[in-house]
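The next block holds one structure in the form of structure tokens; read it before the comments.
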Protein chains: 2
Amino acid sequence: MADDKVARRARGGTGRTRLAEVAQLAQVSTATVSRVFNTPTKVSAEVQARVREAAAALHWIPNAAGRALASRRSHIAGVIIPTLDNEIFARQVSGMQAIFAENGFTLLIGCSNYDPAEGLAQVQAMLAQGIEVLAMVGENYPPQTFDLLRQRSLPYVLTYGYRHDSPHPCIGFDNRAAFRQLADYVLSLGHRRIAAIFQPMDANDRVAARLDGLRDGLAAAGVTLRAADLHIGPSNMDFGAESLRRIMAGKTRPTAIICGNDNLALGAVGAALDLGIAIPHDLSITGFDDLAIVSRIAPRLTTMRVDNLEIGRLAGEMLIGAAGGRGMLHSIELRADLCMRATTSPPRSAARAPAAARDSDNANDHQARNQQPHAGIRPQRVQHDLQEDKKQRRTP
Amino acid sequence: MADDKVARRARGGTGRTRLAEVAQLAQVSTATVSRVFNTPTKVSAEVQARVREAAAALHWIPNAAGRALASRRSHIAGVIIPTLDNEIFARQVSGMQAIFAENGFTLLIGCSNYDPAEGLAQVQAMLAQGIEVLAMVGENYPPQTFDLLRQRSLPYVLTYGYRHDSPHPCIGFDNRAAFRQLADYVLSLGHRRIAAIFQPMDANDRVAARLDGLRDGLAAAGVTLRAADLHIGPSNMDFGAESLRRIMAGKTRPTAIICGNDNLALGAVGAALDLGIAIPHDLSITGFDDLAIVSRIAPRLTTMRVDNLEIGRLAGEMLIGAAGGRGMLHSIELRADLCMRATTSPPRSAARAPAAARDSDNANDHQARNQQPHAGIRPQRVQHDLQEDKKQRRTP
DNA sequence: CTGAAAGCGCTTACAG
DNA sequence: CTGAAAGCGCTTACAG
């Protein structure tokens with residue numbers, strides 16, 4: 001902090017070669033150089049060649065700040081995720097990054113660490129950097145966040161979660177419906193005493209929706225989730241294990257445990273095995289996410305899968321379109337697929353599961369697919385235009 | 001592409017509020033507004049308050065492009081990793097991002113997908129965006145990449161891998177030494193017939209170094225790795241499993257398999273268990289990385305751990321320093337810790353392992369630590385100044 | 001198809 | 001401590 005009063009404003013700025021030098025070497029105006037790289041159709045082939053040669057010779061890389069200032073386009077996109085320490089979010093970013101890179105956009109990444117305020121701070125920093133578009137996981141951000149975005153009419157999309165009645169364009173799946181499906185499946189196996197291990201719901205709309213879906217399903221079958229059977233804590237294997245031990249230490253044990261995600265389920269399965277509890281015969285356990293590992297270690301976990309790479313790609317494509325003035329923002333609902341594997345079965349005590357009472361064909365369908373996971377099935381998309389007013393159809 | 005010839009150059013530019021408007025409202029010059037936010041000590045408290053109030057009232061967010069252009073500082077950092085679909089790189093980015101955010105930097109992220117050319121392309125895009133500093137995983141990039149960086153004297157650091165004689169500042173661990181250690185450990189258990197499953201080495205200096213380290217160790221013990229016992233393929237569980245089956249189908253089975261990373265090892269362990277091979281008694285298997293999962297599922301994997309979060313943080317801190325003109329780039333060597341767990345033991349056939357022949361205290365040390373992994377042990381750092389000439393000591 | 005010139009929104013040496 | 005003004009490196013409406 002002491003000695004950086006070196007005379008910074010040296011003649012010539014950064015020292016990097018500038019467009020003007022390329023122009024000079026190519027013997028054209030700066031406007032022409034700019035056109036060669038931005039609207040090449042407006043420049044004769046001859047001049048173009050000369051300019052490109054000069055640019056190459058000088059190793060010119062355009063200065064994005066100058067470009068952004070003059071064109072009001074930064075070619076920067078932003079993405080906010082809770083954390084990179086989670087395969088599912090990392091995959092989303094991965095898919096998005098690829099699409100953005102293909103389209104000449106660079107990607108700023110910010111992590112909220114599940115803290116809405118941190119999320120807002122990241123959004124502000126990104127706005128200052130001049131992002132053109134923004135993707136953010138979930139909708140748990142201070143309201144001010146969306147005011148900022150609207151105020152600048154900055155195209156944004158929320159990912160991962162999807163709610164029919166969300167005021168925002170979102171690309172993801174319906175957490176509530178997914179857990180309803182999971183609950184229905186477990187009930188269809190014949191389970192009636194069911195416990196749950198969930199991650200914290202505060203500042204996480206998705207988890208709350210999952211629990212709602214679970215309760216919907218149970219309620220429809222006349223089953224209630226007792227308070228003592230709902231364990232909420234850190235989203236990791238250790239808490240899953242700890243919760244399982246506590247649950248199984250109770251007097252009346254459940255025959256199934258529905259976990260809020262795969263990490264919790266993985267911990268629960270491990271702890272159960274350690275206790276000598278047979279999975280799935282003594283106890284069924286389900287997860288959510290279909291992390292890469294869970295279908296590859298024994299016992300293979302019953303869970304639900306969402307294509308996060310695809311979510312990232314779809315978000316990237318939609319935002320690229322929006323940035324170009326083409327295309328409009330809309331919501332896309334992806335399906336969460338039930339993956340029936342080795343950690344669920346009818347309860348040992350139960351008679352044959354009352355499968356007839358439920359439509360199990362859907363589950364069979366999923367099971368069949370499970371055999372060859374990449375059989376070219378694309379996620380089902382349900383589209384809802386949020387900006388019907390814009391009516392920018394290609395074909396009029 | 002058709003209809004975006006709307007008259008873009010509307011008077012007033014972006015529509016965002018500008019610094020000049022803040023100045024007007026606060027009744028000061030633009031210079032003063034700028035100073036309030038950049039060098040507040042130069043402005044009286046009274047004026048400062050007025051300016052801040054005006055800025056808040058107008059919801060002014062400074063335009064980074066204008067700022068960057070005028071100041072020649074973008075406050076953007078870049079990081080290049082092979083892929084986000086890998087816990088270890090995601091963690092590095094995570095640690096780095098936190099440090100950069102704390103220091104007012106935003107982070108551009110690029111993935112090379114293990115392709116040097118893609119890495120270079122990302123670097124170029126980032127240079128265009130005006131990154132001030134850059135972190136990149138490994139050193140497999142076209143030479144031109146480093147020319148570009150040097151040409152602009154852009155501070156950069158290579159992460160994950162560390163080589164004593166690298167021409168670049170790097171923060172990481174010595175892959176060769178780590179695998180030498182691993183080999184020594186396995187040999188110390190008494191194994192003499194050892195196979196290996198590795199990821200591809202092309203365009204991946206780190207993997208090549210690992211194999212070298214393994215060979216060093218084996219050679220020192222007079223053991224050779226037969227060509228038929230070295231399986232190289234995709235870095236995933238499936239290849240690990242497939243390789244294991246092929247290895248164990250041979251006439252003379254090895255008693256230990258050293259894998260290039262945890263994913264391969266996880267696949268091998270699973271396949272071995274499926275074949276009814278007792279781990280570790282019939283076969284010892286080792287991994288590398290200590291992914292979160294491997295110490296939490298049975299059988300707990302013997303592997304080596306490197307603190308990737310810390311690598312990210314250290315890289316972030318060093319680069320922030322370099323960007324500020326303070327501090328210089330240097331290399332930091334972190335230690336890779338051997339985690340002795342349940343997938344290794346002396347071979348069943350062997351007499352007591354010839355432990356006396358090797359220094360096993362080191363291993364014991366690690367085993368003890370293993371019990372409480374977070375016992376506050378900081379990575380050992382070995383520092384090498386690469387830019388001795390700069391001699392910017394604080395205390396002269 | 002090409003050029004001269006204004007302007008994007010900031011910062012900062014210079015002068016007071 | 002404060003202001004007037006030049007300038008950072010581009011793009012683009014305008015004129016030809």
Side-chain angles (χ1 to χ4, degrees), chain A residues 4-24 26-51 55 58 60-75 127-130 152, chain B residues 4-24 26-51 55 58 60-75 127-130 152:
Chain A
D4 48 355
K5 68 153 162 241
V6 189
R8 281 279 227 71
R9 191 61 157 279
R11 257 304 89 236
T14 47
R16 290 169 51 174
T17 71
R18 290 160 303 155
L19 177 147
E21 297 167 47
V22 175
Q24 194 174 17
Q27 313 232 55
V28 295
S29 70
T30 57
T32 296
V33 176
S34 176
R35 287 193 196 100
V36 167
F37 294 96
N38 293 312
T39 50
T41 55
K42 294 184 177 171
V43 182
S44 72
E46 190 181 30
V47 172
Q48 248 187 77
R50 204 152 23 106
V51 169
L58 296 175
W60 177 63
I61 294 184
N63 178 312
R67 185 150 106 111
L69 199 52
S71 69
R72 276 72 121 226
R73 295 210 50 179
S74 64
H75 294 276
L127 289 175
Q129 293 292 357
R152 292 153 203 278
Chain B
D4 49 357
K5 67 152 162 240
V6 190
R8 283 282 227 70
R9 192 61 158 280
R11 244 341 54 244
T14 46
R16 289 170 51 175
T17 69
R18 289 161 303 156
L19 177 147
E21 299 168 44
V22 175
Q24 195 176 15
Q27 314 232 53
V28 296
S29 70
T30 56
T32 296
V33 175
S34 176
R35 287 191 196 104
V36 167
F37 295 97
N38 294 311
T39 48
T41 55
K42 293 183 179 171
V43 182
S44 72
E46 191 180 29
V47 172
Q48 248 187 78
R50 214 165 359 121
V51 169
L58 296 176
W60 175 63
I61 294 185
N63 178 312
R67 185 150 106 112
L69 199 53
S71 68
R72 275 74 119 226
R73 294 210 50 179
S74 65
H75 294 278
L127 289 175
Q129 292 292 357
R152 295 153 200 278

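Throughout, a chain's letter reflects where its sequence line sits, starting with A, and its residues are numbered from 1. What you see is a predicted model; the values in this text were computed from it and never measured.
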Give every pair of a protein N or O atom and an N or O atom of nucleotides 1-4 of chain C that lie under 3.5 Å apart, one pair per line with the distance.
{"unit_1": "dT2(C)", "atom_1": "OP1", "unit_2": "S44(A)", "atom_2": "OG", "d": "3.0"}
{"unit_1": "dT2(C)", "atom_1": "OP2", "unit_2": "S44(A)", "atom_2": "N", "d": "3.0"}
{"unit_1": "dT2(C)", "atom_1": "OP2", "unit_2": "S44(A)", "atom_2": "OG", "d": "3.4"}
{"unit_1": "dG3(C)", "atom_1": "OP2", "unit_2": "S29(A)", "atom_2": "N", "d": "3.0"}
{"unit_1": "dG3(C)", "atom_1": "OP2", "unit_2": "S29(A)", "atom_2": "OG", "d": "3.2"}
{"unit_1": "dG3(C)", "atom_1": "OP2", "unit_2": "T32(A)", "atom_2": "OG1", "d": "2.6"}
{"unit_1": "dG3(C)", "atom_1": "N7", "unit_2": "R35(A)", "atom_2": "NH1", "d": "3.3"}
{"unit_1": "dG3(C)", "atom_1": "N7", "unit_2": "R35(A)", "atom_2": "NH2", "d": "3.4"}
{"unit_1": "dG3(C)", "atom_1": "O6", "unit_2": "R35(A)", "atom_2": "NH2", "d": "2.3"}

Query raised in the report: So does S34(B) get a side-chain nitrogen or oxygen closer than 4.0 Å to the phosphate oxygens (OP1/OP2) of dT11(C)?
Result: yes
Report task. Kindly give the heavy-atom pair with the smallest separation between P40(B) and N38(B), and that separation in Å. Result -> CD-C, 3.4 Å
Report summary line: R72(A) atom CZ is separated from dG9(C) atom P, nearest whole Å, by 6 Å
Query raised in the report: Who are the side chain to side chain donor-acceptor pair (under 3.5 Å) partners of T30(B), not counting sequence neighbours?
Result: none
Requested in this report: Send over the distance from I61(B) CD1 to dG9(C) P, rounded to a whole Å.
Outcome: 15 Å
**Report entry** Listed partners of S29(B) passing side chain to side chain donor-acceptor pair (under 3.5 Å), at least two apart
**Finding:** T32(B)
Query - Listed partners of Q24(A) passing side-chain contact (heavy atoms from CB on, under 4.5 Å), at least two apart - result: none
Query raised in the report: Does A26(B) have any side-chain contact (heavy atoms from CB on, under 4.5 Å) partners at least two apart in sequence or in another chain, and if so, which?
Result: V28(B), V51(B), A54(B)
Requested in this report: Taking all heavy atoms of P62(B) and all of R16(B), pick out the closest pair and write down the distance.
Outcome: O-NH2, 3.4 Å
Report summary line: Base-paired stretches in DNA chain C with three or more consecutive Watson-Crick or G-U pairs, both distances under 3.5 Å, amount to C:1-3 with D:14-16, C:5-12 with D:5-12, C:14-16 with D:1-3
**Report entry** Test side chain to side chain donor-acceptor pair (under 3.5 Å) applied to Q27(A) - qualifying residues, sequence neighbours left out
**Finding:** none
Report task. Using whole Å, report how far CD of Q24(A) lies from P of dG9(D). Result -> 14 Å
**Report entry** For atom CZ of R16(A) and atom C1' of dC8(D), their distance in whole Å
**Finding:** 12 Å
Query - Whole-Å distance separating the CG atom of L19(B) from the C1' atom of dT12(C) - result: 13 Å
Requested in this report: Any pair with a residue in residues 40-51 of chain B that passes side chain to side chain donor-acceptor pair (under 3.5 Å), sequence neighbours left out, goes on the list, sorted by first then second residue, please.
Outcome: Q48(B)-R52(B)
Requested in this report: Indicate whether OP1 or OP2 belonging to dC10(D) is found under 4.0 Å from a side-chain N or O atom of N63(A).
Outcome: no
**Report entry** d(CZ, R18(B); P, dG7(C)) in whole Å
**Finding:** 12 Å
Requested in this report: Let me know the distance between CD of E21(B) and P of dG9(C), rounded to the nearest Å.
Outcome: 9 Å
Query - Atom of L69(A), atom of A65(B) and distance for their closest heavy-atom approach - result: N-CB, 4.0 Å
Query raised in the report: What is the distance, rounded to the nearest whole Å, between atom CZ of R67(B) and atom P of dC10(C)?
Result: 10 Å
